[in-house]
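One structure below.
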Amino acid sequence: MKEKFKSFVDKHKEIWKFIKFAFTGASTSILQLLVDLFCLYVVFASMKDQAVENEFLVWLGVGDQMAAAYSYFISAVVGYAAAFIMNRKMTFKADSNPVLSMILYVLMVVFTILVTTWMKPFLRGLIVNAGYENAFIDIVLDIVVMTVPTVWTYPLQRFVIHRKKKTPENAAADTEEKAEK
């Protein structure tokens with residue numbers, strides 16, 4: 001069994017990287033979900049119906065979901081920080097400049113957090129207005145909102161942020177991989 005697994009990993013390195021990326025994403029999403037629910041139902045519970053006074057946020061459609069916006073923002077920061085460390089060290093085993101990787105990652109995360117911080121309260125507002133507010137729906141909504149960014153985060157992390165340096169050893173390994181295919 002162990003040899004079959006090693007053989008699979010050796011033959012399908014890119015698929016294995018995506019599996020590890022998905023596992024990291026699931027793990028850090030659970031962390032993010034727990035932080036989000038704790039913030040929404042404990043830390044910002046008194047703000048659940050507080051109207052947004054910022055015109056830009058009103059224009060974005062956050063409406064009276066300020067607690068959801070704060071909760072999601074905080075949980076996203078926690079989740080993405082954990083994901084950066086896990087993906088850099090375990091998934092992609094990156095050896096590129098860590099400062100540059102962090103800067104690129106922060107740019108990607110800022111974009112992602114802006115999109116998802118808008119998306120969560122906007123969609124939650126639609127659900128609340130339809131009369132379906134409960135913790136289960138918040139969990140499903142979080143899972144949907146956390147999954148959407150995979151469309152851009154995996155390719156950016158794999159090919160831009162968490163690169164391996166171009167060394168003779170890495171080039172030889174890439175050549176061997178291509179020859180095996």
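Judged by distance alone, with hydrogens and angles left aside, the side-chain atoms of Arg88 form no donor-acceptor pair with the main-chain N or O of Ile85 at under 3.5 Å. The backbone N or O of Leu141 lies less than 3.5 Å from no partner atom in the side chain of Lys120, so there is not a single donor-acceptor pair.
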Are Met146 and Tyr72 close enough, and set up right, to give a side chain to side chain contact (heavy atoms under 4.5 Å, CB included), and what steps lead you there?
CA-CA 10 Å; Met146 286 187 267; Tyr72 195 78; 3.5 Å; yes
Step by step, work out the side chain to side chain contact (heavy atoms under 4.5 Å, CB included) result for Lys164 and Phe92.
CA-CA 8 Å; Lys164 285 199 170 258; Phe92 302 115; over 6 Å; no
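The environment of CZ in Phe21 is crowded: more than 12 heavy-atom neighbours from other residues, nucleotides or ligands sit within 6.0 Å. Annotation for Phe159: atom CZ counts as buried by contact number, over 12 foreign heavy atoms lying within 6.0 Å. Around CZ of Phe8, the count of heavy atoms belonging to other residues, nucleotides or ligands within 6.0 Å exceeds 12. Atom OH of Tyr154 has more than 12 neighbouring heavy atoms from other residues, nucleotides or ligands inside a 6.0 Å radius.
Across all their heavy atoms, Met108 and Trp152 have their closest contact at CG-CD1, 4.3 Å. Closest of all the heavy-atom pairs between Ser27 and Met86 is CB-CE, 4.4 Å. Listed here is the closest heavy atom pair of Lys17 and Thr91: O-CG2, 3.5 Å. Nearest heavy atoms, Thr28 versus Ala83: CG2-N, 3.6 Å. Ala76 and Ile113 get closest at one heavy-atom pair: CB-CG1, 3.8 Å. Asp36 approaches Ser71 most closely through the heavy-atom pair OD1-C, 3.2 Å.
By the 4.5 Å heavy-atom criterion applied to side chains, Asp138 and Tyr41 are counted as neighbours. At least one side-chain heavy atom of Ile137 sits less than 4.5 Å from a side-chain heavy atom of Asn134.
Note that the CD1 atom of Ile161 and the OG1 atom of Thr153 stand 8.5 Å from one another [nearest 0.5 Å]. Distance check, rounded to the nearest 0.5 Å: CD of Glu133 to CZ of Arg124 gives 4.5 Å. Note that the CG atom of Asp142 and the OG1 atom of Thr116 stand 10.0 Å from one another [nearest 0.5 Å]. Note: Glu14 CD to Arg158 CZ = 4.0 Å, rounded to the nearest 0.5 Å. Going from atom CG of Asn97 over to atom CD1 of Ile103 covers 8.0 Å, rounded to the nearest 0.5 Å. Taking CD of Gln157 as the start and OG1 of Thr24 as the end, the distance is 9.0 Å to the nearest 0.5 Å.
A single hydrophobic cluster is seen to contain both Phe111 and Met119, as judged by linkage of ILVMFWY side chains at heavy-atom distances under 4.5 Å, directly or through other members. Tracing side-chain contacts under 4.5 Å through hydrophobic residues (I, L, V, M, F, W, Y), one reaches Ile143 starting from Leu37; they form part of the same cluster. Clustering ILVMFWY residues whenever any of their side-chain heavy atoms sit less than 4.5 angstrom apart, transitively, puts Val145 in the very cluster that holds Leu126. Hydrophobic cluster membership is shared by Val115 and Tyr105, with clusters built from Ile, Leu, Val, Met, Phe, Trp and Tyr side chains linked at under 4.5 angstrom. Val148 and Leu156 end up in the same hydrophobic cluster when Ile, Leu, Val, Met, Phe, Trp and Tyr side chains are linked at under 4.5 Å.
In summary, the aromatic rings of Trp16 and Phe23 are positioned with their centroids too far apart to meet the 6.0 Å limit.
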